[in-house]
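Naming convention: chains lettered A, B, ... in sequence-line order (proteins, then strands); numbering from 1 in each chain. Just so it is clear, the values below take in all heavy atoms, side chains as well, and ignore hydrogens, waters and symmetry mates. Computed from a predicted model, the values in this text were never measured in an experiment.
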Number of protein chains: 2
Amino acid sequence: MTATRPSHPRRSQAERSAATRTRVLDATVASLLEKGHAATTLAEVQQRAGLARGTLLHHFPTRAALMVAVVEEVAARRLGVLGERAGAEARASAHERTGPQTGPQTDTRTDPRTGWDAAVDLVQADLADPVFLAVLELWVAARTDPDLRSVLGPVERRVFATVHATVAGVVGDEDPRVATLVQFTVDLLTGAAMTRLVDPSGSAQARVVERWRRALPVLLGRADADTWL
Amino acid sequence: MTATRPSHPRRSQAERSAATRTRVLDATVASLLEKGHAATTLAEVQQRAGLARGTLLHHFPTRAALMVAVVEEVAARRLGVLGERAGAEARASAHERTGPQTGPQTDTRTDPRTGWDAAVDLVQADLADPVFLAVLELWVAARTDPDLRSVLGPVERRVFATVHATVAGVVGDEDPRVATLVQFTVDLLTGAAMTRLVDPSGSAQARVVERWRRALPVLLGRADADTWL
DNA sequence: CAACATACCGTCGGCCTGGACTGTTTGTGA
DNA sequence: TCACAAACAGTCCAGGCCGACGGTATGTTG
């Protein structure tokens with residue numbers, strides 16, 4: 001049988017289906033970013049994905065189903081990227097500074113580079129990613145949309161838990177203060193990220209993050225309260 | 001002429017106009033809270049305000065104009081309440097604890113009550129107010145709505161500046177670390193407030209705020225890093 | 001090869017939205 | 001007292017949205 005003819009790369013149904021599915025989800029996230037949740041209509045998504053209307057509703061029978069799928073997809077991506085970055089960080093710290101791969105802005109002259117620096121980078125990288133804005137759209141929409149709400153609650157709780165566990169793994173969790181400090185860091189950077197909605201330049205945001213990075217050792221008792229500013 | 005007949009409390013045009021205007025704005029904020037920005041239609045607002053359709057469009061010729069007015073109105077209210085609370089706090093601290101008026105949850109047994117406790121209360125009261133959720137709707141909507149964006153940017157910058165100045169006034173601004181710590185507090189509590197979108201109970205939120213309250217003295221050098229948790 | 005299942009496509013109707021329009025009542029100035 | 005302005009009210013229309021439906025092409029199974 002001429003099943004696997006290389007000249008004609010006829011994909012199987014499963015492959016085709018998965019491909020268009022991801023195309024739809026990518027298009028939806030992009031629309032969420034550019035147009036927001038309310039303006040992310042089926043027509044908009046269909047046009048971006050380059051599909052026909054019926055195709056869209058074949059994969060996702062309703063708009064709500066599409067949004068639910070986006071929530072799960074985005075959460076999975078975020079956690080995947082997070083784990084990837086954490087793994088890279090773990091390998092880098094295992095090699096104990098073989099080379100300045102990540103290269104933060106300024107050479108940290110006092111301390112080589114604590115696990116907390118990596119932790120802050122980890123959280124900040126997640127929140128600075130444009131996809132966070134898409135997540136924000138979904139959060140706010142979920143507040144008044146029961147369908148979204150019912151699925152977004154559990155998903156985001158899992159995300160939070162995984163983020164905490166991952167970050168705690170980077171800094172080491174023997175200290176009882178770690179959990180609270182991770183929470184501080186996540187909340188503080190989240191709040192700072194909100195500033196981007198009002199001030200898109202993000203200059204104030206960067207300054208706050210940098211100062212928080214220097215304040216953390218004080219709360220751990222590794223630095224004096226007079227030195228962090 | 002029967003102009004000022006007390007039995008018929010006929011309000012002047014200016015009074016009537018102002019009254020319906022605030023009714024419309026109140027109804028819009030309420031709808032923003034319950035239904036969100038996208039579902040806050042003219043019909044919804046009209047129905048809540050108990051007015052005819054034409055009346056609404058007489059005061060606010062377009063939906064965008066209505067939202068702009070809401071942005072300014074809500075900002076003014078927030079700042080008004082903030083100043084009021086700050087004034088009450090200043091008077092209370094001037095009387096130097098004549099009575100436990102505000103009465104926070106637990107008796108702060110170590111320290112009587114620092115200015116920072118009041119500052120945290122001030123920020124937290126603002127963010128815990130339901131109207132913050134309405135503001136959040138407008139923030140997120142403004143990200144993809146140029147009309148809203150152009151007016152919300154300057155307004156919120158003014159709000160930020162006023163909040164910082166007010167809070168700094170409560171704690172005293174001789175210490176150079178005050179500005180940064182106020183920023184930390186605002187951002188941290190803002191991020192914690194975001195958690196309510198996912199976990200409406202807000203239990204985690206309260207815990208974080210309480211711990212931040214105890215962490216602040218450490219960053220000011222007034223407490224040891226081992227004592228705050 | 002035949003029959004079926006599934007991916008893909010285009011069109012239609014019902015619904016709701018925002019804004020324009022005309023008409024009515026009430027206050028104010030000449 | 002009269003004339004004008006402004007608050008208030010009801011109706012209409014174009015446009016966009018979602019979801020249902022019937023139809024076609026492609027892959028899979030017996």
Side-chain angles (χ1 to χ4, degrees), chain A residues 1-5 7-25 27-28 31-32 35-70 141 144-145 147-148, chain B residues 1-25 27-28 31-32 35-70 141 144-148:
Chain A
M1 48 183 127
T2 67
T4 60
R5 193 141 51 121
S7 57
H8 267 219
R10 283 197 183 157
R11 301 169 297 176
S12 72
Q13 287 188 6
E15 284 173 323
R16 289 175 63 187
S17 183
T20 58
R21 184 188 158 89
T22 60
R23 270 174 69 189
V24 169
L25 292 178
T28 307
S31 173
L32 241 38
K35 304 294 188 74
H37 175 262
T40 296
T41 72
L42 294 186
E44 179 73 27
V45 173
Q46 170 216 337
Q47 200 171 343
R48 285 175 183 264
L51 297 174
R53 182 165 190 81
T55 306
L56 192 55
L57 270 73
H58 171 69
H59 285 269
F60 303 97
T62 165
R63 200 188 106 108
L66 173 60
M67 289 300 170
V68 168
V70 168
T144 51
D145 182 339
D147 286 337
L148 257 185
Chain B
M1 51 185 124
T2 66
T4 58
R5 192 141 52 123
S7 58
H8 267 220
R10 284 201 181 152
R11 302 168 298 175
S12 73
Q13 286 187 6
E15 284 172 323
R16 291 176 61 187
S17 182
T20 59
R21 183 187 159 90
T22 60
R23 270 174 67 190
V24 170
L25 292 178
T28 307
S31 173
L32 240 38
K35 303 293 189 76
H37 175 261
T40 296
T41 72
L42 294 186
E44 179 74 27
V45 173
Q46 170 217 339
Q47 200 171 343
R48 285 174 183 266
L51 297 175
R53 184 165 188 79
T55 307
L56 190 57
L57 272 74
H58 172 70
H59 285 269
F60 304 97
T62 164
R63 199 188 108 108
L66 172 61
M67 289 299 169
V68 167
V70 168
T144 51
D145 182 340
D147 285 337
L148 257 187

For dG16(D), does OP1 or OP2 lie under 4.0 Å from any side-chain N or O of T41(A)? no
Output the rounded distance in Å from CE (M67(A)) to C1' (dG19(D)). 15 Å
According to a strict under-4.0 Å criterion, is S17(B) in side-chain N/O contact with OP1 or OP2 of dA6(D)? no
Just list the side-chain donor-acceptor pairs under 3.5 Å for residues 56-70 of chain A, sequence neighbours left out, or say none.
| residue | atom | partner | partner atom | Å |
| --- | --- | --- | --- | --- |
| H59(A) | NE2 | T20(A) | OG1 | 3.0 |
| T62(A) | OG1 | A64(A) | N | 3.3 |
| R63(A) | NH1 | T40(A) | O | 2.7 |
| R63(A) | NH2 | H37(A) | NE2 | 3.1 |

Measure the spacing between CG of L32(A) and CG of L25(A) and express it to the nearest 0.5 Å. 11.0 Å
Counting only heavy atoms and a strict 4.0 angstrom limit, can you tell me which residues of residues 48-66 of chain B come near DNA chain C? R53(B), L57(B), T62(B), R63(B)
Considering non-hydrogen atoms only, spot the tightest contact between S31(A) and A39(A) and give its length. OG-O, 4.4 Å
Length of the line joining K35(A):NZ and dC17(D):C1', which is rounded to integer Å: 14 Å
Euclidean distance, atom CD of residue Q47(B) to atom P of dT17(C) [Å, nearest integer]: 10 Å
What is the distance, rounded to the nearest whole Å, between atom CD of Q46(A) and atom P of dG19(D)? 14 Å
Closest contact, heavy atoms only, A141(B) versus L148(B): CB-CD1, 4.0 Å
Is the backbone of A52(B) close enough, under 3.5 Å, to the side chain of Q46(B) for a donor and an acceptor to pair up by distance? no
In whole angstrom, give the distance that lies between atom CG of L42(B) and atom P of dT11(D). 17 Å
Strictly by salt bridge (Lys or Arg N to Asp or Glu O under 4.0 Å), give each pair with a member in residues 38-50 of chain A just once, sequence neighbours left out. E34(A)-R48(A), K35(A)-E44(A), E44(A)-R48(A)
